Amino acid sequence: MEMPEDDNEAPVDYGSGPVAASGAVTETLKALAASGELTSSYVPTSTGPTAYSQGAFGPAFAWPVIPLHMVLLPDGRVLAYGSDDKGNQGAKLWYSLWDPDWNPNVAGADTSPFQLLSNTTGTDLFCNTQLVLPGSGKVFMAGGDRMINGVRNYAVADLDFFDPATNTMQKQPTPMQYRRWYGTAITTQRGDVVVMGGRDDRDFAGTSTKPATTATYATTPEVYVPDTGWRTLTGADSPAAFGETKGNWWYPKSWLAPNGKILTITNDGYFYALDPTGTGALTKLNGKLQGTNWNTTSLMYAPGKLMSIRNTTQVALVDINGTQPVITIGQPMSTARKWGFSTVLPDGNVWLNGGSRNANTLADAVYTSEMWNPSTGQWTMTANAAKPRLYHGNTMLLPSGAVVVGGGGAPGPVKGLNAEMYFPPYLFNPDGSFATQPVINQVTPKSFSWSENFTVQMSTTAAVDKVVMIRTGSSTHSFSNEQRRMELDFTQDGQSLTVKAPAKATEMPPGYYMVFALRKNPKAAAGDNRLVPSVAKIVKLS
């Protein structure tokens with residue numbers, strides 16, 4: 001049997017920056033550049049004192065596709081895909097690369113911060129699942145969409161890799177056992193990838209004479225193992241956890257738990273623990289949350305600690321560090337946010353943005369955003385966006401400490417061929433000017449293992465208050481499936497920080513992470529101990 005391409009090859013050196021691609025500037029990009037819509041000026045044109053408490057959005061800028069899937073690459077660029085260059089469903093056609101640090105004034109710079117490239121794999125990547133492989137830094141993309149007799153939204157079993165070293169996609173020779181449309185992929189502590197959920201449409205292989213009237217679901221998880229291939233977890237098959245009920249097949253909200261199992265919270269409120277070893281096993285755990293729809297958001301905001309938004313504004317806080325989940329109901333958020341997004345920030349706060357009170361409706365789109373402080377359990381209102389972010393909107397933390405917010409549409413009342421940058425309050429002084437961020441000169445080594453020491457060299461001897469690691473983002477459909485954050489122990493000697501890497505692969509699995517150094521803002525108001533994050537360096541934990 002043919003095996004998938006090996007993920008355990010020597011890692012690519014991304015230190016030399018993005019790889020240029022000939023012919024990358026298409027007519028779409030030329031037109032956007034001519035209209036002035038492609039820009040490197042993402043910062044707000046003006047701010048006032050409110051930025052200190054609310055943060056601020058920069059001006060909207062064009063994106064050549066709807067970025068309904070976003071992946072932060074090991075070299076700091078953002079891979080995005082999901083539509084064609086007109087904002088129509090058609091991820092079989094195009095994908096984009098965005099360099100947030102693009103500067104047109106640098107000699108030899110590309111003519112655009114974007115590259116719009118042809119997808120030559122034959123796979124429609126629309127609504128697949130994706131993450132960065134911990135070995136090679138390639139992007140793993142499983143499943144997607146197919147068309148039968150002119151009708152879209154039938155699942156595929158394809159496995160594709162995107163290679164940042166060449167800016168190309170390759171279809172892998174061995175697909176999944178099951179077709180998956182809207183599945184979820186999670187990295188294990190071994191560096192394997194567990195894929196679960198999604199629609200299968202197994203009864204409709206493309207030979208039927210009419211569109212399917214009923215769907216089937218991929219209720220059996222499977223594992224991609226580098227050097228080996230796929231392994232089906234027949235012992236973990238569960239229509240209750242991954243099937244039709246309440247749309248539990250739809251991008252399951254799942255995380256690697258501290259005990260090494262994959263924990264899933266279903267839309268009907270139950271907890272399941274998946275053991276991915278051997279042929280797999282699934283255990284239903286104690287506890288139940290309020291039911292919710294598939295279009296509410298969840299995240300892991302600290303090791304073993306989850307926030308799950310339930311219908312319509314309930315905030316469930318779940319601690320999974322013990323043998324059974326411990327549930328606390330937190331302060332509710334301000335408004336329903338169907339298709340809203342949640343993002344953990346370097347300072348540990350959680351930012352919620354986007355969505356609408358009724359799913360995918362422009363009339364009640366939510367432009368406000370809000371911040372949750374895990375130390376106090378309180379929400380505060382933050383800045384308002386200029387653009388609605390509804391179904392297929394997307395949000396992801398960048399190494400700068402800012403957050404990119406884009407997309408929406410396909411289908412929708414608007415086509416979100418644009419994005420905005422959100423600058424959280426920690427990036428501002430009380431007068432609204434930008435705070436001075438600490439500067440990390442370098443991290444050595446760039447690749448290290450669990451419990452090892454690594455060095456963070458700062459630009460000054462000023463005291464650093466915290467060092468944190470946040471996994472590089474992979475986000476779509478109100479869920480960043482790899483998002484996790486940890487504070488690290490360190491000592492400081494002048495400009496040099498000796499930092500202890502995470503101790504457990506079950507808490508921080510192998511892969512790529514942003515390392516932030518945080519320092520108290522000297523201009524902060526009295527009694528305000530807010531921390532300003534550096535621009536992060538991307539490292540590899542393996």
Side-chain angles (χ1 to χ4, degrees), residues 184 186 197 240-241 245-248 250-259 261-274 283-345 347-359 364 366 368-382 395 424 475 477-481 483-487 507:
T184 291
I186 298 294
T245 302
K246 254 313 200 177
N248 288 338
W250 184 307
Y251 284 113
K253 302 299 192 298
S254 304
W255 300 267
L256 176 65
N259 63 5
K261 297 181 180 179
I262 308 295
L263 182 129
T264 297
I265 304 178
T266 61
N267 293 327
D268 50 350
Y270 294 102
F271 299 90
Y272 291 88
L274 167 63
T283 304
K284 189 175 183 180
L285 302 179
N286 297 341
K288 185 181 186 302
L289 302 181
Q290 176 182 320
T292 191
N293 209 327
W294 51 74
N295 52 31
T296 53
T297 186
S298 296
L299 85 161
M300 178 178 280
Y301 64 90
K305 294 187 177 182
L306 311 175
M307 173 188 285
S308 180
I309 305 301
R310 316 304 291 180
N311 277 346
T312 55
T313 61
Q314 187 187 84
V315 175
L317 306 174
V318 184
D319 190 326
I320 59 171
N321 286 292
T323 56
Q324 296 290 341
V326 177
I327 302 167
T328 303
I329 301 303
Q331 184 185 63
M333 59 183 187
S334 67
T335 183
R337 294 181 180 273
K338 295 183 177 179
W339 297 120
F341 226 100
S342 54
T343 305
V344 65
L345 300 177
D347 63 358
N349 289 342
V350 174
W351 185 60
L352 258 63
N353 71 292
S356 55
R357 285 179 287 276
N358 294 291
D364 59 6
V366 181
T368 61
S369 63
E370 51 197 306
M371 192 83 71
W372 182 71
N373 184 328
S375 297
T376 66
Q378 301 299 302
W379 292 93
T380 56
M381 300 307 297
T382 48
T395 300
S475 58
H477 289 76
S478 298
F479 187 47
S480 186
N481 48 308
Q483 185 173 219
R484 54 183 59 221
R485 171 189 179 273
M486 177 180 280
E487 298 181 10
E507 291 184 332

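These numbers were taken from a predicted model, which means no experiment stands behind them.
- A distance-only check finds a donor-acceptor pair linking the side chain of Lys288 to the backbone of Asp268 [under 3.5 Å].
- Nearest approach of Val350 to Ser342, heavy atoms of both residues: CG1-CB, 4.4 Å.
- Aromatic rings from Trp255 and Phe479 are positioned such that their centres are separated by under 6.0 Å.
- Distance check, rounded to the nearest 0.5 Å: CZ of Arg357 to OG1 of Thr312 gives 11.0 Å.
- For the residue pair Thr297/Ser478, the side-chain donor-acceptor check at 3.5 Å is not satisfied.
- Side-chain contact between Arg310 and Thr296 is absent, with no heavy atoms from C-beta onward closer than 4.5 Å.
- The number of heavy atoms from other shown groups lying within 6.0 Å of NZ (Lys246) is above 12.
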Please evaluate residues Met371 and Thr380 with respect to the criterion side chain to side chain contact (heavy atoms under 4.5 Å, CB included), reporting the C-alpha separation (whole Å), side-chain torsions for both, the decisive distance (0.1 Å), and the verdict. CA-CA 5 Å; Met371 192 83 71; Thr380 56; 3.8 Å; yes
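- Closest non-hydrogen pair, Ser369 versus Met381, comes out as O-CE, 3.5 Å.
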Carefully, step by step, assess Ser475 and Ser480 under the rule side-chain hydrogen bond (donor to acceptor under 3.5 Å, both in side chains). CA-CA 4 Å; Ser475 58; Ser480 186; 5.1 Å; no
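- Among residues two or more places apart in sequence or in another chain, the side-chain contact (heavy atoms from CB on, under 4.5 Å) test is passed with Asn286 by Gln324.
- Shortest non-hydrogen contact noted between Ser308 and Ser298 is OG-OG, 3.1 Å.
- Using the six-membered ring where Trp is involved, Trp250 and His477 have ring planes that are perpendicular, over 60° apart on the 30 and 60° scheme.
- Distance check: Glu370 CD to Asn353 CG gives 10.0 Å after rounding to the nearest 0.5 Å.
- For the atom pair CE (Met333) and CH2 (Trp379), the distance works out to 7.0 Å, reported to the nearest 0.5 Å.
- Of the possible donor and acceptor atoms, one in the side chain of Asn248 sits under 3.5 Å from a partner among the backbone N and O of Ala240.
- Heavy-atom minimum distance, Ala241 versus Thr266: O-CG2, 3.8 Å.
- Between Phe271 and the choices Thr264, Thr283, Val318, the side-chain contact (heavy atoms from CB on, under 4.5 Å) rule is met once, by Val318.
- With hydrogens and angles ignored, the 3.5 Å screen pairs no side-chain donor or acceptor of Arg337 with any backbone N or O of Ile309.
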Query raised in the report: What's the verdict on side chain to side chain contact (heavy atoms under 4.5 Å, CB included) for Leu352 and Trp372, showing C-alpha distance, side-chain angles and the deciding distance?
Result: CA-CA 8 Å; Leu352 258 63; Trp372 182 71; over 6 Å; no
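- Counting only distance, with no hydrogens or angles, the side chain of Asn267 and the backbone of Gly247 share a donor-acceptor pair below 3.5 Å.
- Side chain of Asn321 to backbone of Pro303: a donor-acceptor contact under 3.5 angstrom is found.
- Considering only heavy atoms from C-beta on, Ile320 comes within 4.5 Å of Met300 through its side chain.
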CA sep, side-chain torsions, deciding dist, call: Leu317, Ile329, side chain to side chain contact (heavy atoms under 4.5 Å, CB included)
CA-CA 6 Å; Leu317 306 174; Ile329 301 303; over 6 Å; no
